[in-house]
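Convention: sequence-line order gives letters A, B, ...; per-chain numbering from 1.
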There are 2 protein chains.
Amino acid sequence: MARDRQATEEKILQAVGRILAEQGFHNFGINAVARQAHVDKVLIYRYFGGMPELLRAYAEKGSYWPTIEEVAGDNPEGFGRMPVPEAVATLLCNFSRAVRKRPVTLEILAWEAIERNELAKVLEKVRKDFTKQLYRAIAGSRGRPTGDMAAIVTLLTAAINYLAVRSRKVGKYGAVNIRSEEGWRRLESAIRMISGRCIVSQESM
Amino acid sequence: MARDRQATEEKILQAVGRILAEQGFHNFGINAVARQAHVDKVLIYRYFGGMPELLRAYAEKGSYWPTIEEVAGDNPEGFGRMPVPEAVATLLCNFSRAVRKRPVTLEILAWEAIERNELAKVLEKVRKDFTKQLYRAIAGSRGRPTGDMAAIVTLLTAAINYLAVRSRKVGKYGAVNIRSEEGWRRLESAIRMISGRCIVSQESM
DNA sequence: CTCCTATGTCACTCATCGGTGACATCTGCA
DNA sequence: TGCAGATGTCACCGATGAGTGACATAGGAG
C-alpha cells in the first residue's frame, strides 16, 4: 500500500518483537508475523529470505542481554575498589534485575531449552562476551577468590535464569514468591550471603 | 488386529513415553502417538478422550519426580543424626542425580516454562509433596538453621533444575561442563560449600 | 448357530502451516 | 512520456495437524 520498503521491514521486525513478548515462540511463525504486521507474508520472504534470516535480522536490532554497564555501572573498573565477594554479589543482583525486565530475553531463555534457534545462537555469543567482561570486572576487585568461584557463580546465575523464566508462568517456587519484589529481595539477600561467605578473599576475611 | 483393549492402551501409553523422552513435547501430538504406537488415532480418542486426558493417564503411571526415599535413603528420619547443613547438602546432591537421570522429567521441566499442560500440573502437585517431605527430613537434623534457609534451598534447586534441563541441549554453561560427571562434581562441592557456610546451625558451628 | 458389541480400519473434513507463482500497481529514470 | 523494476496483492500448492462418521470383523453371550 505505502510502497515503502524500509517502513515495511520495520513493521515486520516490530511484529516479531510483539509476538515474542506477548505470545512467545510457541505461536511464532511466518503467518503470525505477517498477520501481526498487517503485511503479506510474501514480503517477509522477499525482504528477509525466511524464518532464520528474519530472526537473525531481528536479533541484530535488539538488546537481549544486559550490557556490562547496566550491571557494573559506567566504569566496571570501579569494582576494583570493593572486595571480591561484595563485587560478585552486586553484579549478580544487578544482573537479576536486568534480565527480569526483558520479556523477549526470558522467552528466548525458556525456548532454548526446547530448541536451539537463530535467536538462541545470537544470545549465546552475546552472553559469552558478557561473562568474559564480568569476570574481568571481578578480577579487578580487592582480594583473591579461593574455592571454586566459577562453580558458585554458575549456580547462582543458573538459579536467577530459572526463577526469572519460571516467574512468567507460576507465582511461587518453593516458599518464595517469585512474582513479588519482596520475594526477589529475599533471593538477593541469600545471594549476598552466599557470595559473602563462600567466595573468600584473602584480604576481606 | 489383536482385539485387546488393555494391550492397546498400554501400547499407546508407552508411545507417549517414548516420544516425550526421544523427541519432546515439541513433536508431540495425537498423530505422533498413534504412529509411534502403530495404532489408529481413533482408538486414542475412544479410550482416553483426547490429549489432556491422555497426558493425565500417562502421568498417573509414571514417576516423574524423585521419591523421598531416593533422595533421603530408606529412613528419611535417619537424617536426624547429621547436622543441618550436611543434611541439606546431601539431599540436594542426591536430588540433582535423581532428576538428571529422568529424561521425561527434564522434558516436562523445560516445557512448563513454555506452556502449562496436564503433565506440568501433575508434576506440580508431586513436587509440592516432595518439598514438604524434604523439609520434614531436614527439620529432624541436628541444629537450627539460621538465615533464610528456604531462599537458599530455592536458589540451589532452581540452579539444579536449570542446569539439568540445559545440559540436554548445550554442553557447557559458563565455565562448567554440565554434560560430564566431573562438571557435576564441581557443582556438588560448591553446593556442599554453600550449604555448609550459609545454613548455620547453632550446634555445628 | 445367531446376534450384539467391543475393537479395529478407513476415509474424510476443516484448519493451519510454510512456501511459491502470477498478477497488479506505483515510482523513479531514461 | 514511456518503460522497467520495485513493491504490494491474491490465489494457490502440498503437508500436517486435530477431530469425526461410517464401516468391517472378531468373539463372547444368549
Contact pattern, 5' to 3', of nucleotides 15-24 of chain D - B, S or - by protein heavy atom under 4.0 Å: --SBBBB--B

Integer-rounded Å distance: dG18(C) C1' and Leu54(A) CG: 13 Å

Contact summary for Phe28(A) and Met51(A), nearest pair of heavy atoms: CE2-SD, 3.3 Å

Lys/Arg-Asp/Glu bridge criterion (N-O < 4.0 Å) met for Glu124(B), Arg127(B): no

Any Tyr47(A) side-chain N or O less than 4.0 Å from OP1/OP2 of dA6(D): no

Salt bridge (charged side-chain N to carboxylate O under 4.0 Å, His left out) between Glu188(A) and Arg185(A), intermediate numbers included: CA-CA 5 Å; Glu188(A) 284 188 7; Arg185(A) 269 198 299 274; over 6 Å; no

Short side-chain N/O contact to dT7(C) OP1/OP2 from Thr8(B), under 4.0 Å: no

Length of the CZ-C1' vector between Phe48(A) and dG8(D), whole Å: 15 Å

Ionic contact status for Glu70(B) with Arg97(B), cut-off 4.0 Å: no

Carboxylate-amine/guanidinium proximity below 4.0 Å for Glu9(B) and Arg5(B): yes

Phosphate OP1/OP2 of dT7(D): any Arg5(A) side-chain N/O under 4.0 Å: yes

Inter-residue atom distance Glu69(A).CD - Asn94(A).CG, 0.5 Å rounding: 12.5 Å

Rounded distance in Å - CD (Glu9(B)) to P (dA6(C)): 14 Å

